[in-house]
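Note sheet for the following structure.
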Amino acid sequence: MSSPWSRTAARRVLCLIATGTLALTAAACGDGDTAAQTGGKVKITVTGQPPTSQPFERSVFDADVKEFEAAHPNIDIDPHEGFMDPKTFSAKLAGGQLEDVYYVYFTDPAQIIARHQAADITEAAKSVPHVNDIKPELLDNFRDAGGKLYGLPTMNYTMGLLYSRPLFQKAGLDPDQPPQTWDEVREAAKKIAALGNGVVGYADYSKNNQGGWHMTGWLYSMGGDIARKDGDKWVADFANDKGKKALQYLHDMRWTDNSMGAKQLLEAQDVQRMMGAGQLGMYMAAPDNVPVLVKQFNGKYEDYGIAGMPGGQGTLLGGEGYMINPKASPEKIKAGLEWIQWKYLNPDRFEKHIQQYVDGKQPVGLPAEPTPDVWTGAVREQQLALKAKYANVPAANYKSYVDTTSRIKGSIEPPNAQQIYAALDSVMQAVLTDQNANIDEQLKSAASKVNSVLAQVK
């Protein structure tokens with residue numbers, strides 16, 4: 001990973017620079033006619049090539065390009081570095097430099113579709129192998145209101161509870177039976193904090209938009225929401241009992257139980273540093289945090305477990321996928337879909353892809369890469385069996401999380417998410433730094449700001 005924590009958390013910071021949502025202009029599109037079709041070959045430009053600063057990921061990607069071209073002699077792949085960078089995406093759209101196959105986060109397709117910035121692949125995707133084995137809720141993120149399909153998901157994550165198994169044991173807790181409710185989280189946090197020596201039971205983010213991001217996770221876990229559709233417009237939906245309940249938990253853990261530590265205004269790196277140092281019991285996170293703890297913060301795979309989101313009523317769902325330039329020719333759309341399916345959505349390559357990770361001494365057995373959990377039914381079972389076969393990390397530590405992913409409802413981030421998170425940061429900061437903060441007033445004030453943000457959503 002290029003970031004010091006994870007791509008999911010890294011985007012929180014990246015989007016700050018972009019100051020809000022993508023400004024997609026109606027004139028923006030790459031010119032599908034300029035990409036060559038010479039010698040009977042179709043040439044397509046694709047994003048997603050990792051930078052040279054990620055040598056393992058780059059080597060896998062480049063090897064896959066060569067293998068794909070050998071297996072598809074009628075297609076040339078022109079790979080471009082990068083994923084979704086809000087600083088440049090708008091300019092690329094406006095300047096006609098958008099690749100034929102381009103990467104998006106789950107927060108982006110709705111706006112891109114509304115502005116006609118992606119090709120309709122509804123009919124073409126019917127011939128994509130195993131498309132019907134992808135989780136329907138993930139495919140739905142790439143559909144318009146009429147059900148037309150404009151992209152394919154290639155990776156997803158859901159938030160859960162990441163915890164320290166050694167601290168659980170020291171506190172007399174069973175690391176194989178992690179908390180399933182927020183009441184249980186609170187009780188476990190008190191026991192862990194009671195170990196002393198600066199150990200913190202539970203930590204949470206509260207700045208750089210990450211506080212608002214995690215507050216969204218809290219609301220979803222309680223069956224609530226941050227925003228809802230009211231007719232043709234979006235409105236804030238957290239200044240209510242569920243929003244108050246979430247903040248009351250945080251307030252009580254911080255001030256009544258003293259289980260969150262005195263140091264606040266934390267962001268991802270702060271919390272991960274605490275966990276890597278063995279000074280933190282639990283925090284809300286996706287599974288991709290585990291390799292970061294090991295590689296960047298001197299942790300050990302055997303020291304961490306992941307549970308499903310406490311409460312079980314919902315979780316924050318995120319992810320990524322690929323869409324196709326709206327000016328792409330039918331030949332390029334077909335070639336683009338062949339690349340996406342072969343590279344990212346190919347059960348026939350599960351074992352080979354996993355072996356690449358094993359050979360590269362990368363973790364296998366986490367509920368994340370190398371085979372993301374976008375699948376249902378028999379394909380999902382095939383994937384889980386292969387990951388168990390080649391596991392080089394203690395996969396049993398993540399069983400609680402894996403067992404819940406198929407039954408906890410996942411909801412994507414709200415529209416204009418980064419602006420909303422900026423408004424919600426102040427709420428998290430108030431509750432965690434001011435013992436006398438008025439939760440009702442904080443929620444009311446934030447709802448007014450969020451409604452102004454949502455009024456910009458078209």
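When reading the values below, keep in mind they use all heavy atoms of this one structure, side chains included, and skip hydrogens, waters and symmetry mates. One is the number of the first residue; the rest follow in order along the sequence.
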Interatomic spacing from [atom1] in [X] to [atom2] in [Y] - rounded to 0.5 Å:
X	Y	atom1	atom2	result
Y150	I121	OH	CD1	10.0 Å
Q383	R380	CD	CZ	7.5 Å
I44	I324	CD1	CD1	7.5 Å
K449	S426	NZ	OG	4.5 Å
M159	I408	CE	CD1	12.5 Å
I226	S411	CD1	OG	11.0 Å

**OP:** Could you check whether the rings of H214 and Y205 sit parallel, tilted or perpendicular, using 30° and 60° as the cut-offs?
**Re:**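 The rings of H214 and Y205 lie parallel, inter-plane angle below 30°.
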Original post:
Hey, do the aromatic rings of Y357 and F56 have their centres closer than 6.0 Å?
Top reply: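 They qualify: ring centres under 6.0 Å apart.
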Original post:
Are Y322 and Y103 near enough that their ring centres are under 6.0 Å apart?
Top reply: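 Yes, ring centres under 6.0 Å apart.
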Within the distance-only criterion (no hydrogens, no angle test), does the side chain of [X] pair as donor or acceptor with the backbone N or O of [Y] below 3.5 angstrom?
X	Y	value
E320	P153	no
N240	G243	yes
T376	D133	yes

Is the shortest side-chain N to carboxylate O distance from [X] to [Y] below 4.0 Å?
X	Y	answer
R165	D176	yes
K41	D76	yes
K43	E331	no
E69	K66	no
D140	R143	yes

If we ignore angles and hydrogens, is there a donor and acceptor under 3.5 Å between the side chains of [X] and [Y]?
X	Y	value
E302	N397	no
E413	Y421	yes
K387	Q382	no
D78	T45	no
Y283	N289	yes
Q355	D359	yes

Close side-chain approach of [X] and [Y], heavy atoms under 4.5 Å:
X	Y	answer
L454	K233	no
M428	L250	yes
I134	V379	no
I77	W339	yes

Subject >> side chain to side chain donor-acceptor pair (under 3.5 Å) assessment of W213 paired with D425 >> reply: CA-CA 8 Å; W213 176 40; D425 266 2; over 6 Å; no
Original post:
Do F142 and V104 pass the side chain to side chain contact (heavy atoms under 4.5 Å, CB included) test, and can you show the C-alpha distance, the side-chain angles, and the key distance before you say yes or no?
Top reply: CA-CA 10 Å; F142 291 85; V104 293; 3.7 Å; yes
Original post:
In chain order, what residues pass the side-chain hydrogen bond (donor to acceptor under 3.5 Å, both in side chains) check against Y401, with sequence neighbours excluded?
Top reply: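 Checked Y401 against side-chain hydrogen bond (donor to acceptor under 3.5 Å, both in side chains); matches are T158.
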Original post:
Among all residues two or more places apart in sequence or in another chain, which pass the side-chain hydrogen bond (donor to acceptor under 3.5 Å, both in side chains) test with S164?
Top reply: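 If we apply the side-chain hydrogen bond (donor to acceptor under 3.5 Å, both in side chains) test to S164, skipping adjacent residues, there are no hits.
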**OP:** For E137 and N141, run side chain to side chain donor-acceptor pair (under 3.5 Å): C-alpha distance rounded to whole Å, both residues' side-chain angles, the deciding distance at 0.1 Å, then the answer.
**Re:** CA-CA 7 Å; E137 63 269 27; N141 196 53; over 6 Å; no
Subject >> salt bridge (Lys or Arg N to Asp or Glu O under 4.0 Å) between E67 and K352, intermediate numbers included >> reply: CA-CA 12 Å; E67 184 180 344; K352 180 170 184 176; 2.9 Å; yes
**OP:** Check whether NZ of the Lys or CZ of the Arg R349 lies under 6.0 Å from the centre of the six-membered ring of W342 and within 45 degrees of that ring's axis.
**Re:**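 Verdict for W342: a cation-pi partner in R349.
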Original post:
Does NZ belonging to K399 count more than 12 external heavy atoms closer than 6.0 Å?
Top reply: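 Incorrect, the count does not exceed 12.
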**OP:** Dump the intermediate steps for side chain to side chain contact (heavy atoms under 4.5 Å, CB included) on M323 and I112, then the final yes or no.
**Re:** CA-CA 9 Å; M323 303 176 83; I112 290 172; 4.0 Å; yes
